[in-house]
K.L.:
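Could you have a look at this structure, given as structure tokens, before my questions?
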There are 2 protein chains.
Amino acid sequence: MRFQVDPTSSIPLYAQLVEQVKHAIAAGTLAPGDTLPSLRELAVRLRISPLTVKKAYGELEALGIVATEHGRGTTVRAGSDAFSARYRREALAQAVDRLLVEAHHLGATTDELIALLYERKTVLEEEAADHV
Amino acid sequence: MRFQVDPTSSIPLYAQLVEQVKHAIAAGTLAPGDTLPSLRELAVRLRISPLTVKKAYGELEALGIVATEHGRGTTVRAGSDAFSARYRREALAQAVDRLLVEAHHLGATTDELIALLYERKTVLEEEAADHV
DNA sequence: TACATTGTTATACAGATATATAACAGCAGT
DNA sequence: ACTGCTGTTATATATCTGTATAACAATGTA
């Protein structure tokens, strides 16, 4: 897993982590049984405190998405398949809604949005290719 | 102007206000010369502290978008036309990018995204009609 | 001048977020 | 048992956000 957080964002670091794990599961990158990075390992990689990682994992555990065992680590729970399908739908719908609302506020038409979507998709793909 | 904030969001209230004023200007809802609601009035309407509104207005002033005069209020600056055009483009592109990245994380294709976009647009419009 | 409106500032306080430091405890392989 | 990994917990500190309260200052109008 390639986690990354943005310390300048107004969204709390632990919340960013939670979202990324959810997305990874929804996308199938993380499957039931997979073990998440240890608190210290991920903390070092992201240059944040282990306590912040702990808070994110704790949140995920409270949601029933992962299970943590003392001394063994944190693993994706079996039941996350059902979660996965539902979450994927809801997350996508919410993301689309956010864009539609913002576009509406900015006075953009749907056609303009679709055109921009294809345009930005191309741009992002080219940028991604450059970074390889 | 119909401002509204979400106290449960992890995005600070003052930042939400800043975004909404920017969007309103970009959409033309707020034009140069227009006066924003007074600190106290908006605070009462949104049920937040006047100091929070003040912080938002202060941010907008630092960005050169509005001008505040003691005793007179806070007004949208003339130069905001140029800002408006540039900001609108950038804000839309960023919003689209956010969706594309999230969709990619969730393993959604562009076709799926476009279809969902039309679907959600219809849903949102129906909901909006209901609320009238 | 008096008044109501506007923005400004100071103080104190609370909660969430994030950190550093450090010690403690469970699990697995040597 | 020892060692190295894992998660857990406690303490203290700092920053940001947001609030309540209250006084002060500038503008425009009656």
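Letters A, B, ... mirror the listed sequences (proteins, then strands); counts begin at 1.
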K.L.:
Rounded to the nearest Å, what distance is computed from the CD atom of residue B:Glu69 to the C1' atom of nucleotide D:dA25?
P.N.:
15 Å
K.L.:
Are any of the side-chain nitrogens in B:Glu127 or B:Arg120 under 4.0 Å away from the carboxylate oxygens of its partner?
P.N.:
no
K.L.:
Which nucleotide in the set D:dT19, C:dA18, C:dG7 lies at the smallest distance from any side-chain heavy atom of B:Ile48?
P.N.:
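Selected nucleotide (nearest to the side chain): D:dT19.
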K.L.:
Given C:dA20, is OP1 or OP2 found less than 4.0 Å from the side-chain N or O atoms of A:Ser49?
P.N.:
no
K.L.:
Judged by modelled atom types alone, do A:Thr35 and A:Thr75 share a side-chain donor-acceptor pair under 3.5 Å?
P.N.:
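No pair is found: no donor N or O on one side chain lies under 3.5 Å from an acceptor on the other.
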K.L.:
Can you tell me if B:Lys54 touches the phosphate of C:dG7, counting only side-chain N or O atoms and a distance under 4.0 Å to OP1 or OP2?
P.N.:
no
K.L.:
Tell me what B:Leu51 touches on the nucleic acid: a base, only sugar-phosphate, or nothing, going by heavy atoms under 4.0 Å.
P.N.:
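If one applies the 4.0 Å heavy-atom cut-off, B:Leu51 turns out to touch a base.
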K.L.:
For the side chain of A:His70 and the base of C:dG26, is some donor closer than 3.5 Å to an acceptor across the two?
P.N.:
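No such pair is found, so the answer is no.
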K.L.:
To the nearest Å, how far apart are A:Leu17 CG and C:dA18 C1'?
P.N.:
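A:Leu17 atom CG is separated from C:dA18 atom C1' by 13 Å.
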K.L.:
Return the value, rounded to whole Å, for the distance between atom OH of A:Tyr57 and atom P of D:dT8.
P.N.:
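Distance, rounded to whole Å: 12 Å.
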K.L.:
Rounded to the Å, how far apart are B:Asp6 CG and D:dG18 P?
P.N.:
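Result: 11 Å.
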K.L.:
Taking OP1 and OP2 of C:dA18, is either one under 4.0 Å from a side-chain nitrogen or oxygen of A:Lys55?
P.N.:
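Checking C:dA18 against A:Lys55, no side-chain N or O comes under 4.0 Å of OP1 or OP2.
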K.L.:
If I compare all heavy atoms of A:Ile11 with all of B:Ser10, which pair ends up nearest, and what's the gap?
P.N.:
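Shortest heavy-atom contact: CG1-OG, 3.8 Å.
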K.L.:
Please state how far atom CD in A:Gln16 lies from atom P in C:dT17, giving the value in whole angstrom units.
P.N.:
12 Å
K.L.:
By nearest atom, which of the nucleotides C:dT19, C:dG7, D:dG7 is closest to the A:Ser38 side chain?
P.N.:
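The answer is D:dG7.
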K.L.:
Rounded to whole angstrom units, what separation is found between the CZ atom of B:Arg40 and the P atom of D:dT19?
P.N.:
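Taking atom P of D:dT19 as the reference, CZ of B:Arg40 is at 15 Å.
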K.L.:
Atom CG of A:Leu39 to atom C1' of C:dC24: distance rounded to whole Å?
P.N.:
15 Å
K.L.:
Quick check against the 3.5 Å criterion: does B:Glu59 have a side-chain atom that pairs as donor or acceptor with the backbone of B:Val18?
P.N.:
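Absent.
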K.L.:
For D:dG7, does the base pair up with any side-chain atom of A:Arg72 as donor and acceptor (N or O, under 3.5 Å, distance only)?
P.N.:
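Under the 3.5 Å cut-off, the side chain and the base do not form any donor-acceptor pair.
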K.L.:
Tell me: CZ of A:Arg47 to P of C:dA20, nearest whole Å?
P.N.:
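One finds 13 Å between P of C:dA20 and CZ of A:Arg47, rounded.
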K.L.:
For A:Thr52 and C:dT19, is the shortest distance between a side-chain N/O and OP1 or OP2 below 4.0 Å?
P.N.:
yes
K.L.:
For a quick check of understanding: with a heavy-atom distance under 4.0 Å over all strands, which category does B:Tyr14 fall into, base, sugar-phosphate or nothing?
P.N.:
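Since only primed, P, OP1 and OP2 atoms lie under 4.0 Å of B:Tyr14, the category is sugar-phosphate.
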K.L.:
Any donor-acceptor pair under 3.5 Å linking the side chain of A:Thr29 with the backbone of A:Ile25?
P.N.:
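Judged by distance alone, no pair lies under 3.5 Å.
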